[in-house]
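In what follows, a single structure is set out as structure tokens and then discussed.
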There are 2 protein chains.
Amino acid sequence: MSGQVKTGQKRATVVDVARLAGVSPGTVSNALSGKRRVDEETRARIDSAVRELGYVPNMAARGMRTGRANTIALFSSMATAVAAGPSKLGFLMEIAGSAALTALSRNVALVLVPPIRDPEAALRNVPFDGALLVEPTRDDPFLALLAARDVPTVAIGEAHGAVSAHVDLNYAQTADLLIDHLLNVGSRNFPLLIGTGARRYYEVFEARYRQRAAQVGMTPAVLRIDEAEGEAGAARSVARHLAAHPETDGLLVPLDAQATGAMEALRQAGLSVPGEVRVATRYDGLRARAETPALTAVDLQLDTVAATATNALLDLVEGMECRAHFASPLPRLVVRGSTEG
Amino acid sequence: MSGQVKTGQKRATVVDVARLAGVSPGTVSNALSGKRRVDEETRARIDSAVRELGYVPNMAARGMRTGRANTIALFSSMATAVAAGPSKLGFLMEIAGSAALTALSRNVALVLVPPIRDPEAALRNVPFDGALLVEPTRDDPFLALLAARDVPTVAIGEAHGAVSAHVDLNYAQTADLLIDHLLNVGSRNFPLLIGTGARRYYEVFEARYRQRAAQVGMTPAVLRIDEAEGEAGAARSVARHLAAHPETDGLLVPLDAQATGAMEALRQAGLSVPGEVRVATRYDGLRARAETPALTAVDLQLDTVAATATNALLDLVEGMECRAHFASPLPRLVVRGSTEG
DNA sequence: GGGTGCAGTTAAAACGTTTTAATGGTCACA
DNA sequence: TGTGACCATTAAAACGTTTTAACTGCACCC
């Protein structure tokens with residue numbers, strides 16, 4: 001009997017509980033939320049009524065009253081996510097797992113909003129009190145929509161637009177790590193491949209690359225490839241570059257989808273990796289590890305990053321003050337077969 | 001001006017829109033939802049009022065009235081997920097991505113409930129109108145909780161308990177695929193490693209393994225390892241088996257975390273893979289691909305499986321009739337270095 | 001005895017939407 | 001002219017909480 005609810009029966013409400021316990025609904029609410037003192041004996045009566053009726057609070061009603069959804073949303077910038085396909089999803093999912101765990105430890109659920117054609121529809125149908133935005137582009141459609149909704153937003157990775165806060169992804173250090181590594185293993189002629197989108201980390205990578213190239217006397221070559229062309233686009237671009245520059249002995253390809261494309265081009269050209277050409281990429285995900293040889297990459301410690309971002313967002317949602325900028329653990333180089341023989 | 005909302009300003013409601021458009025709130029609701037006919041001219045007035053005020057419907061209020069949260073939850077059986085760590089998360093995340101996409105295409109968001117200590121608290125604070133349950137164990141704590149809440153539940157993988165429906169993960173075919181493959185590449189003495197938990201797919205794997213072993217005259221050996229001991233437990237168990245059975249020339253290890261543990265044991269024993277011992281696992285995820293040599297595994301087509309499950313669940317939520325059992329695309333063997341030289 | 005303060009409780013309002021039943025108007029048909 | 005059907009609209013109720021302000025007793029203090 002007790003605790004059981006028959007199928008189809010209407011769920012018990014706070015008034016049912018109140019009636020059974022012989023108190024008013026307000027007292028039940030106070031007893032359950034603990035917001036006000038309730039007599040010990042009354043509380044006991046309420047508790048047993050709750051158990052007997054199998055009462056579960058109606059979240060929608062609570063949300064309407066309190067104005068909170070107990071939910072945060074994780075968005076990924078549409079364009080790239082689609083373009084980079086599974087790789088970007090890996091990146092996103094790694095963040096999602098950690099963010100969900102952190103959020104739930106604070107009694108908030110994470111809703112996952114994958115890249116989708118119509119961001120506006122997604123926003124409209126999903127209740128949430130805060131948003132996590134993964135590496136937004138300069139003109140990210142979500143930025144405007146979230147701003148219009150006046151909802152706290154935390155970006156993962158440096159953001160151009162107006163966000164409440166952002167967690168650093170250490171673009172500069174990551175770039176330096178990879179560039180210095182390529183130099184250390186002896187590469188002296190390696191181009192940088194980046195996408196054409198307005199991503200902050202492209203800008204940073206390019207800046208560091210050019211600076212370092214100038215220092216060591218390397219002629220810089222920056223190949224820009226539309227992200228939407230995926231692996232194939234990168235392969236074509238690299239093939240062209242190899243033909244024009246046979247002295248090439250390395251490739252710096254931050255976007256992993258483009259990195260595997262580049263590997264394909266190298267195979268076609270009959271060049272050995274890492275013997276003749278060394279290759280390094282940024283995100284140490286499935287693509288990087290599944291390539292043969294596996295690609296040297298960087299451990300961005302996304303779980304820590306996501307936890308930091310989530311906690312910051314929840315602080316904001318709860319109305320606490322919060323810094324506008326959070327540092328991340330320093331990225332660590334993960335050396336693999338593609339740069340060491 | 002239009003479409004702009006100043007920060008801190010209270011959000012416009014349907015009443016504000018109604019007043020501005022000179023109609024009643026009910027008409028606004030009808031115009032927006034399209035549930036009833038509304039004169040073309042009034043609809044236009046309402047639309048422009050909506051734009052001017054930057055009106056966004058309050059989901060909580062709508063949810064309270066309609067009884068729908070526009071949300072489904074994805075749960076993963078607690079014990080295993082924790083035990084198998086990142087590998088299980090990979091599995092879960094692959095499903096999550098596809099489920100989220102499918103759900104969103106039907107205007108429903110996916111909330112991600114990662115393995116957590118207190119499942120009951122998770123359930124209480126998260127509003128959802130349906131649940132997706134990944135490979136529940138026989139006594140899965142979520143099963144009871146979801147049943148008590150009387151919420152439609154769809155399991156991914158055969159389920160023991162009471163769920164509204166389940167989508168097959170083709171345990172038998174998967175087992176056959178792997179067993180036959182090991183036999184085909186010449187293995188004649190390979191034990192089966194499985195966990196101790198009450199998972200349906202352990203039972204099926206064991207049954208098929210014993211049957212096939214009897215057919216080909218192989219002495220069956222089933223090693224059961226507590227999932228909670230992870231890689232190390234599997235490594236110890238395999239080391240022991242190898243010492244007692246030097247004739248071992250293969251390993252069938254469905255759980256990928258245990259498979260990588262087994263690989264470690266083989267390395268320690270100085271046995272070459274695939275030369276002396278062939279290894280096969282089930283889930284073709286990061287662990288399988290990142291191992292050296294990469295592990296032969298099975299493509300379970302989780303994206304299709306997740307999409308099927310999600311659509312079934314949403315049908316149930318919308319009150320449609322729905323089959324209790326869905327087939328999945330047949331699993332395909334992915335042959336890798338661990339079984340072919 | 002009249003005020004003050006406190007602790008526990010309550011009645012009623014409020015949150016913002018959807019839905020129901022009722023309303024007035026127009027049109028076609030007898 | 002009356003009758004019914006239909007259409008667009010509306011007023012009001014309903015959803016299930018939380019919160020506010022009021023209200024009890026009751027003890028304590030001048």
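This is a predicted model, so every value here is computed, not measured. A note on names: the letters A, B, ... follow the listed sequences, proteins ahead of strands, and every chain is numbered from 1.
- The rotation axes computed at either terminus of the helix from dG1(C)-dC30(D) to dA30(C)-dT1(D) lie 60° apart, taking five pairs at each end and rounding to 10 degrees.
- With sequence neighbours excluded, the residues satisfying side chain to side chain donor-acceptor pair (under 3.5 Å) with D315(B) are R106(B).
- Between L53(A) and L20(A) there is a side-chain heavy-atom pair separated by less than 4.5 Å.
- With sequence neighbours excluded, the residues forming a side chain to side chain donor-acceptor pair (under 3.5 Å) with R200(B) are E158(B), E203(B), listed by chain and number.
- Comparing G26(B) and M64(B), the nucleotide of DNA chain C nearest to each residue sits closer to the 5' end for M64(B).
- Residues from residues 32-41 of chain B that place a heavy atom under 4.0 Å from any atom of DNA chain D, listed by number: R37(B), V38(B), D39(B).
- Taking only side-chain nitrogens and oxygens, T27(B) never comes nearer than 4.0 Å to OP1 or OP2 of dA8(D).
- Taking E321(B) as the reference, nothing meets the salt bridge (Lys or Arg N to Asp or Glu O under 4.0 Å) condition, with sequence neighbours excluded.
- Contacts classified as salt bridge (Lys or Arg N to Asp or Glu O under 4.0 Å) and involving residues 17-26 of chain A (residues at least two apart or in different chains) are given here: D16(A)-R19(A).
- The list of ring pair (Phe, Tyr, Trp, His ring centres under 6.0 Å) pairs with a residue in residues 111-135 of chain A, not counting sequence neighbours, reads F75(A)-F128(A).
- Every residue was checked against the side chain to side chain donor-acceptor pair (under 3.5 Å) condition with R149(B), not counting sequence neighbours, and none meets it.
- Taking the 5' to 3' direction, DNA chain C first and last meets chain A under 4.0 angstrom from a heavy atom at dG8(C) to dG16(C).
- Annotation: salt bridge (Lys or Arg N to Asp or Glu O under 4.0 Å) contacts of R45(A) (sequence neighbours excluded): E41(A).
- Listed by chain and number, the residues in a side chain to side chain donor-acceptor pair (under 3.5 Å) with D39(B) amount to none (sequence neighbours excluded).
- Annotation: side-chain contact (heavy atoms from CB on, under 4.5 Å) contacts of T27(B) (sequence neighbours excluded): V23(B), S24(B), V38(B), I46(B).
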